[in-house]
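Only one structure is covered here, and it is reproduced in the block below.
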Amino acid sequence: MSIDNVISAAVAKAVKALYGIEADPSAISPQSTRKEFEGNLTVVVFPWVKAARKSPEAVGNEIGQWLVDNEPAVSKFNVVKGFLNLVITPTYWNNVLAAIEADKEYGKTPVTAESPLVMVEYSSPNTNKPLHLGHLRNILLGYSLSRILDACGNKVVKTNIVNDRGIHICKSMLAWLKWFDGKTPEQAGIKGDHLVGDCYVAFDKHYKAEVAALVEKGMTKEEAEAEAPLMKEAREMLRKWEAKDPKVRALWEKMNTWVYAGFDATYKRMGVDFDKIYYESETYLEGKDKVLEGLEKGVLYRREDGSVWADLTADGLDHKLLLRSDGTSVYMTQDIGTAKLRFRDYPIDKMIYVVGNEQNYHFQVLSLLLDRLGFSWGKDLVHFSYGMVELPEGKMKSREGTVVDADDLMAEMVSTAKEVSESLGKLDGLSQEEIANIAETVGMGALKYFLLKVDPRKNMTFNPKESIDFNGNTGPFIQYTYARIRSVLRRAAEAGYSREDYATVEPNEKEIALIQRLSDYPSVVAEAGRSYSPALIANYVYDLVKEYNQFYHDCSILREENAQVRSLRLAISDATARVIASGMALLGINVPERM
């Protein structure tokens, strides 16, 4: 049982014994005592003041004295207004540490047959361009969230929906036919997703030139955009695709195959995966069927032009188009179709969509529609809405080819990690293979940590140079501390130090602070799962690392002559390394054994 749970249970007993009040221990949440006051944990006593008919100070003093008299974990207390500050018996922290050491899955809740099934959708790329920096934040958030939810005791299914149909892919297909001389990715010497992305950029360049020429001839910009020959050709290609024209479909399949091979290589380097991938080309027709079913049931309505709509005014929204007058679907229809297939494939209890905050309205509408159409999880679906990621120089644009490509960024991060590590002497004496592995681990760790440490709901600026700093709130700083601890533990083993019983050692202030920080880990994981925030894990690990470095600076470990004290400090080091590795793994980040 964690120290927080011990105190919560003891306070509930105290309240019952003193005032006859039945208090739920799970509703009592001790917090770390503020630094300006003496104590380790603080309990708010205001909830029982009215029933006790006493002042907050009196209630605090009575509960505090009861705990000192009846709970071995509490040695003394003080009261500040309605806040009861408790000093935990120093040697009791050794019990806490021993329990952490003994728990091989510390911080995690086991998944059982009764655990709810949570589906998490992330990535959601278009097949007309390679993955870029914006995708990176989405994918890393979704993958980390999946790991956190698993650690919180949920069955988790990781899914991806690929937008593989529509005018965007037709633009790339048309450009490839016109200006790329039939080149394959192998012939072009680039990944397939990059080649198709180049086609998309080429289309936009030629299309803009056509629009400009038509405007010069007297058309308005809107007229020119509609009448440009390239756009007309792209629309005709889309019509043929919808009609399953063999040539158009064959080209579509070929170019999508190139893209998927490119995506897979990027996902592999990122260290992420999916349990199931859905494709919009397969789901949009399912969505149309489900919409027509809703029309028959009267939860949707048809207008005179044949289009199908949902009236959401009763829910404070507007009327939403679901099928156009020509019977073609919109994005919302596709999402309904994807939901239908997912619900068929899995007994979903909760559905989480990792999508940027510009789609907030879309998911408000989707939630209402899925509920009306009979999906039990529809009303409670979660839109994990995150902010945009920009570079110091500003926003990125796919059509203009000004996005930061994910592959290029990852390669740059790894290269920079190698340069910085070499300049600091952290790779001295290592083989080329070890250097390459560490550069990959540090570079990718820097990238992932920088993107995940920020509150997901906030917009952020990604600065590659800041992310690879071996000081401050960065991935490399945490990784280096982990490697340092592992080095200490290896040297202890080489010196033949055996672990002595440290139960009777009275830990000092630094040791207590670190054990208390370690004891917070399960509650941080639980809160990260509740609030869908990998940033809580990231910043907890950073605070733990700072605490350990202070301890390492102030407390001798291997040179400590008292074997029991040395064992206590080695146990603290070992537990810290384990929690660092566990927390970073929840972020999808590896930690190096040597550095």
Compare all side-chain heavy atoms of Leu292 with those of Leu323 and state whether any distance is below 4.5 angstrom.
yes
Apply side-chain contact (heavy atoms from CB on, under 4.5 Å) to the pair Met332 and Leu366, showing each step before the final yes or no. CA-CA 7 Å; Met332 189 66 69; Leu366 181 62; 3.8 Å; yes
| task | Assess whether side-chain contact (heavy atoms from CB on, under 4.5 Å) is satisfied between Ile537 and Val525, documenting all intermediate values. | result | CA-CA 7 Å; Ile537 302 288; Val525 174; 3.9 Å; yes
So does Lys155 have more than 12 non-hydrogen atoms from other groups sitting under 6.0 Å from NZ?
yes
Review point. Does Arg137 make a cation-pi contact with Tyr386, if we ask for NZ or CZ under 6.0 Å from the ring centre and within 45° of the axis?
Key: no
Check your understanding: Would you say Asp150's side chain and Val156's backbone share a donor-acceptor pair under 3.5 angstrom?
Key -> no
Would you say the side chain of Lys448 lies within less than 4.5 Å of the side chain of Leu587, judging by non-hydrogen atoms? no
Main chain of Val308, side chain of Arg303: is a donor-acceptor contact present, judged purely on distance under 3.5 Å? no
query: So, do Ser124 and Ile161 sit near enough that their side-chain heavy atoms are less than 4.5 Å apart?
result: yes
On a heavy-atom basis, the closest approach of Ser325 and Asp305 is CB-O, 3.1 Å
Taken to the nearest 0.5 Å, the spacing of Thr159 OG1 from Ile352 CD1 works out to 10.5 Å
CD1 of Ile468 to OH of Tyr449, rounded to nearest 0.5 Å, is 15.0 Å
Open item on the list: If we count only N and O atoms by modelled type, under 3.5 Å, do the side chains of Tyr122 and Ser146 hold a donor and an acceptor together?
Closed with: no
Correct closest heavy-atom pair for Phe263 and Asn126 would be CZ-O, 3.5 Å
Contacts satisfying ring-ring contact (aromatic ring centres under 6.0 Å, His included) that involve residues 136-167 (not counting sequence neighbours) are none
Working note: Leu381 + Trp377, criterion side-chain contact (heavy atoms from CB on, under 4.5 Å); need CA distance, chi angles, decisive distance, verdict.
CA-CA 6 Å; Leu381 75 77; Trp377 48 266; 4.2 Å; yes
- Find out whether the Lys NZ or Arg CZ of Arg302 is both under 6.0 angstrom from the six-membered ring centre of Trp309 and within 45° of the ring's axis. no
inquiry  = Regarding Thr127 and Asn256, do their side chains bring together a donor and an acceptor under 3.5 Å, going by distance alone?
reply    = yes
Checklist entry - Is any side-chain N of the basic residue among Glu286 and Lys290 closer than 4.0 Å to the acidic one's carboxylate O? => result no
Any carboxylate oxygen within less than 4.0 angstrom of a Lys/Arg side-chain nitrogen, looking at Asp204 and Lys208? yes
Residue set satisfying side chain to side chain contact (heavy atoms under 4.5 Å, CB included) with Asp380, at least two apart, ordered chain then number -> Lys350
- Distance-only donor-acceptor check, side chains Tyr267 and Ser123, under 3.5 Å: yes
Paired with Arg165, the side-chain hydrogen bond (donor to acceptor under 3.5 Å, both in side chains) test is passed by just one of Glu242, Glu282, Glu280, namely Glu242
For Trp176 and Thr184, indicate whether the former's side chain and the latter's backbone hold a donor-acceptor pair under 3.5 Å. no
In terms of ring plane angle, is the pair Tyr284 and Trp241 parallel, tilted or perpendicular, where the classes change at 30° and 60°? tilted
Worksheet item: Any side-chain heavy-atom pair from Lys158 and Asp273 closer than 4.5 angstrom?
Response: yes
Close side-chain approach of Glu210 to Glu227, heavy-atom, < 4.5 Å: no
Backbone N/O of Pro130 and side chain of His194: donor-acceptor pair under 3.5 Å:
no
For Met270 and Met444 the tightest heavy-atom approach is CA-CE, 3.9 Å
*Between Ser281 and Asp164, a side-chain donor and acceptor under 3.5 Å*: yes
Here the gap from Asn128 atom CG to Asp198 atom CG, rounded to the nearest 0.5 Å, amounts to 12.0 Å
Any carboxylate oxygen within less than 4.0 angstrom of a Lys/Arg side-chain nitrogen, looking at Arg239 and Glu236?
yes
Should Ser582 and Lys108 count as side-chain neighbours, where that means a heavy-atom distance under 4.5 Å?
yes
Open item on the list: Pair Tyr260, Tyr279 - check ring-ring contact (aromatic ring centres under 6.0 Å, His included), show working.
Closed with: CA-CA 12 Å; Tyr260 299 146; Tyr279 300 90; 5.5 Å; yes
Separation between CD1 (Ile139) and OG (Ser144), nearest 0.5 Å, reads 13.5 Å
Rounded to the nearest 0.5 angstrom, the NE2-OG1 distance for His319 and Thr313 is 4.5 Å
- Task: Starting from the C-alpha separation in whole Å, work towards a yes-or-no answer on side-chain contact (heavy atoms from CB on, under 4.5 Å) for Arg249 and Lys240.
- Result: CA-CA 8 Å; Arg249 284 285 178 131; Lys240 287 181 177 179; over 6 Å; no
Checklist line | Atom CZ of Arg457: over 12 foreign heavy atoms under 6.0 Å | finding: no
TODO: Measure from the side-chain N and O atoms of Asp245 to the backbone N and O of Lys247, and report whether any donor-acceptor pair falls under 3.5 Å.
DONE: yes
Give the C-alpha distance, both sets of side-chain angles, the deciding distance and a yes or no for salt bridge (Lys or Arg N to Asp or Glu O under 4.0 Å) between Asp315 and Arg372. CA-CA 12 Å; Asp315 297 286; Arg372 287 189 186 185; 3.2 Å; yes
- request: Tell me, please, whether Tyr278 has Lys276 positioned over its six-membered ring: NZ or CZ under 6.0 Å from the ring centre and within 45 degrees of its axis?
  value: yes
| Donor-acceptor contact present, side-chain Ser523 to main-chain Asp520, <3.5 Å | yes
Check your understanding: Can you check whether Met173 reaches Val248 side chain to side chain, under 4.5 Å on heavy atoms?
Key -> yes
Discussion item. Between Asn138 and Val354 (side chain of the first, backbone of the second, donor and acceptor by atom type, cut-off under 3.5 Å), is there such a pair?
Written reply: yes
Next item on the list: Answer yes or no: is there a side-chain heavy-atom contact under 4.5 Å between Met460 and Leu451?
Entry: yes
Salt bridge present between Asp193 and Lys191 (N-O < 4.0 angstrom): yes
Okay, side chain of His168, backbone of Asn163: is any donor-acceptor separation there less than 3.5 Å? yes
Geometric class of the Phe343/Phe375 ring pair [parallel <30°, tilted 30-60°, perpendicular >60°]
perpendicular
SG of Cys199 to CZ of Phe180, rounded to nearest 0.5 Å, is 4.0 Å
**Report entry** Any donor-acceptor N or O pair under 3.5 Å, side chains Asp335, Tyr353
**Finding:** no
- Within the side chain of Thr461, is there an N or O that forms a donor-acceptor pair under 3.5 Å with the backbone of Glu390? no
The residue among Leu136, Val454, Leu447, Val404 that forms side-chain contact (heavy atoms from CB on, under 4.5 Å) with Phe462 is Leu447
Q. Under 3.5 Å, side chain of Thr416 to main-chain N/O of Met413, donor-acceptor pair present?
A. no
Item checked: Audit row: Asn590, Thr441, side chain to side chain donor-acceptor pair (under 3.5 Å) steps and yes/no -> CA-CA 6 Å; Asn590 296 324; Thr441 300; 5.3 Å; no
